[in-house]
Amino acid sequence: MSSGMSTDINAKSSEAAAVPLPSGRPPENKRVPQGHRRLLTRRDRVTLAFMAGVPTVLHVALVWFTALASIALAFTTWDGIGFDSIKWVGLDNFKELFSTNPQFWPAVEHNIVWFVVLILIPTPLGLFLAVQLDKKIRFSRVYQTAFFLPVVMSLAVIGFVWQLVYNPDTGLINSVIGANKPGHYIDWIGDPDLNLWAVLVAASWRHAGYMMILYLAGLKGVDPSLREASSLDGANEWQTFKNVIFPTLRPTNTIVLVVTIIEALRAFDLVWVFNGGAQGTELLSILVTDNIVGESSRIGYGSAIAVVLLLISLVVIIPYLVSTFRKERQA
């Protein structure tokens, strides 16, 4: 009798031991399957490190290292031949740049003119094109492709195309206005009074398509109910755009402003292809190139100009980034 009772007690205790603990944890003596201990094999880790490491190294070497090196070289004089020829001169490069360089202030003026023209002509034109294409007219995809094509093209290619347009003898403009005859030539590229504006026409042609895409993306994000409410209130198309649509494009306008300023500061390709930045088309980027890779090879002086260009860019970029991050935190 006692042996049977002991057998029942042992069976019940074994069943109780098999029941999981209330906390959900398995008994200590029960082995839990570990599954796959390694999600990535050694080959996967090597491949991942290579794919992430190579772009990182290139970015640091070609962007951050060169930028910091330019800042350091701005306070030196160096002809680019041997590191032992680097000599510390302090602020002498900047003093010479602001006081005695006859090309610096005209270059700054041309960069400002570049920005003013881009913000006053192609930017409103891009907004107009975006508004028209947002109406879902026929062949809107074809028009978008045609207007955006100059943005996809290289600036150097655009420069070569417009060189053909501005050719004094066989160019399109002179042929249309009858200025392709001897004694009546208009040298759009060689004339210091015309070449800057000729380059700006080519830059505006490209910039309008860029602005069109930015504004078109902003218009796609406008709530359709706003348009419907405005039409129910009796507002016409212009009133709806001025009082309802355009205020909602404030984030897009901020992006457009920053992009336009950056485009004006980094302008280089078109001018270099047209006439190498000479005879009235001087820009800060052209001065940097002429001093660093030109015949004089004044790398320290060219780096000082690059630092000035960097500081002007940061004045625009930093407030934009601060406002963007602040909005993200508030959201």
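The figures here come from the full heavy-atom set of this structure, side chains too, leaving out hydrogens, waters and symmetry mates.
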From CA spacing to verdict: side-chain hydrogen bond (donor to acceptor under 3.5 Å, both in side chains), Asp44, Thr47: CA-CA 5 Å; Asp44 294 335; Thr47 303; 5.4 Å; no
Trace of the side chain to side chain contact (heavy atoms under 4.5 Å, CB included) decision for Phe147 with Leu216: CA-CA 12 Å; Phe147 292 132; Leu216 192 59; over 6 Å; no
Stepwise side chain to side chain contact (heavy atoms under 4.5 Å, CB included) check, Tyr215 with Thr123: CA-CA 9 Å; Tyr215 276 118; Thr123 299; 4.1 Å; yes
Intermediate values then yes/no, side chain to side chain contact (heavy atoms under 4.5 Å, CB included), Ser231 and Thr240: CA-CA 8 Å; Ser231 61; Thr240 300; 5.8 Å; no
Verdict with reasoning, Thr77 to Tyr301, per side chain to side chain contact (heavy atoms under 4.5 Å, CB included): CA-CA 7 Å; Thr77 176; Tyr301 191 70; over 6 Å; no
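In this pair, Phe83 and Trp78 present their aromatic rings parallel. The plane angle is below 30°, not in the 30 to 60° band. Relative orientation of the Tyr143 and Phe139 rings is perpendicular, given thresholds of 30° and 60° on the angle between their planes.
A continuous path of Ile, Leu, Val, Met, Phe, Trp and Tyr side chains, each step under 4.5 Å between heavy atoms, connects Trp88 with Phe94, placing both in one hydrophobic cluster. Side-chain heavy atoms closer than 4.5 Å link hydrophobic residues (I, L, V, M, F, W, Y) into clusters, and following such links, even through other members, never connects Leu118 to Val315. A single hydrophobic cluster is not seen to contain both Trp64 and Leu311; linkage of ILVMFWY side chains at heavy-atom distances under 4.5 Å, directly or through other members, places them apart. In the hydrophobic clustering of ILVMFWY residues, with side-chain heavy atoms under 4.5 Å counting as a link, Val152 and Met212 come out together. A continuous path of ILVMFWY side-chain contacts below 4.5 Å connects Leu284 to Trp105, so both sit in one hydrophobic cluster.
When side chains are defined from C-beta on, Ser303 does not count as touching Ile71, because their heavy atoms never get closer than 4.5 Å. Contact check for Ile245 versus Arg227: side-chain heavy atoms found under the 4.5 Å cut-off. With a 4.5 Å cut-off on side-chain heavy atoms, Phe115 and Leu265 do not count as touching. Contact of the Ile286 side chain with the Phe268 side chain is registered, since non-hydrogen atoms from C-beta on lie closer than 4.5 Å. Residues Leu214 and Met211 form a side-chain contact, since some pair of their non-hydrogen atoms from C-beta on lies under 4.5 Å apart.
For Phe104, the CZ atom counts as densely surrounded, since its 6.0 Å shell holds more than 12 non-hydrogen atoms of other residues, nucleotides or ligands. More than 12 non-hydrogen atoms from other residues, nucleotides or ligands lie less than 6.0 angstrom from CZ of Phe98. Enclosure of atom NZ in Lys220 by more than 12 non-hydrogen atoms of other residues, nucleotides or ligands within 6.0 angstrom is indicated. Shown here is Gln239, whose CD atom has more than 12 heavy atoms of other residues, nucleotides or ligands within 6.0 Å.
Here the closest non-hydrogen pair linking Gly209 and Phe148 is O-CD1, 3.8 Å. Of all non-hydrogen atoms in Ala107 and Leu287, the two that sit nearest each other are CB-CD1, 3.7 Å. Between Pro122 and Ser204, the shortest heavy-atom distance links the atoms CB-O, 3.5 Å. Of all heavy-atom pairs spanning Pro319 and Leu314, the tightest one is CD-O, 3.8 Å. Pairing each heavy atom of Pro124 with each of Ile121, the nearest pair is CD-O, 3.4 Å.
Side-chain atoms of Gln132 do not come within 3.5 Å of backbone N or O of Leu129 as any donor-acceptor pair. In this structure, the side chain of Asn253 engages the main chain of Leu249 through a donor-acceptor pair within 3.5 Å. In this structure, the side chain of Asn93 engages the main chain of Thr76 through a donor-acceptor pair within 3.5 Å. Looking only at distances, no side-chain donor or acceptor of Asp233 sits under 3.5 Å from a matching main-chain atom of Ala235. Within the 3.5 Å criterion, the main-chain N or O of Leu226 finds no donor-acceptor partner in the side chain of Ser230.
Atoms CH2 and CE, on Trp205 and Met153 in that order, are 5.0 Å from each other to the nearest 0.5 Å. Taking CZ of Phe128 as the reference point, atom CG of Leu133 lies at 9.5 Å (rounded to 0.5 Å). Note: Thr145 OG1 to Arg141 CZ = 8.5 Å, rounded to the nearest 0.5 Å. Here the straight-line distance linking atom CD of Glu282 with atom CG of Asn111 works out to 11.0 Å at 0.5 Å rounding. Atoms CG and CG, on Asn275 and Leu270 in that order, are 11.0 Å from each other to the nearest 0.5 Å. Distance NE2/His110 to CD1/Ile112: 10.5 Å, rounded to 0.5 Å.
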N/O donor-acceptor pairs under 3.5 Å from side chains in residues 161-178, not counting sequence neighbours:
from: Gln163; atom 1: NE2; to: Val273; atom 2: O; distance (Å): 2.9
from: Gln163; atom 1: NE2; to: Phe274; atom 2: O; distance (Å): 3.4
from: Tyr166; atom 1: OH; to: Ala198; atom 2: O; distance (Å): 2.9
from: Asn167; atom 1: OD1; to: Asp169; atom 2: N; distance (Å): 2.9
from: Asn167; atom 1: OD1; to: Thr170; atom 2: N; distance (Å): 2.9
from: Asn167; atom 1: OD1; to: Thr170; atom 2: OG1; distance (Å): 3.4
from: Asp169; atom 1: OD1; to: Tyr185; atom 2: OH; distance (Å): 3.4
from: Asn174; atom 1: OD1; to: Trp188; atom 2: NE1; distance (Å): 2.8
from: Asn174; atom 1: ND2; to: Pro168; atom 2: O; distance (Å): 3.0
from: Asn174; atom 1: ND2; to: Ile186; atom 2: O; distance (Å): 3.1
from: Ser175; atom 1: OG; to: Gly171; atom 2: O; distance (Å): 2.7

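Judged purely by distance below 3.5 Å, without hydrogens or angles, the side chains of Ser85 and Asp79 pair a donor atom with an acceptor atom.
With respect to Val316, the side chain to side chain contact (heavy atoms under 4.5 Å, CB included) criterion is satisfied by exactly one of Ile261, Leu257, Ile262: Ile261.
Residues Asp269 and Arg206 are not paired through a salt bridge, judged by the lack of any N-O separation under 4.0 Å between the basic side chain and the carboxylate.
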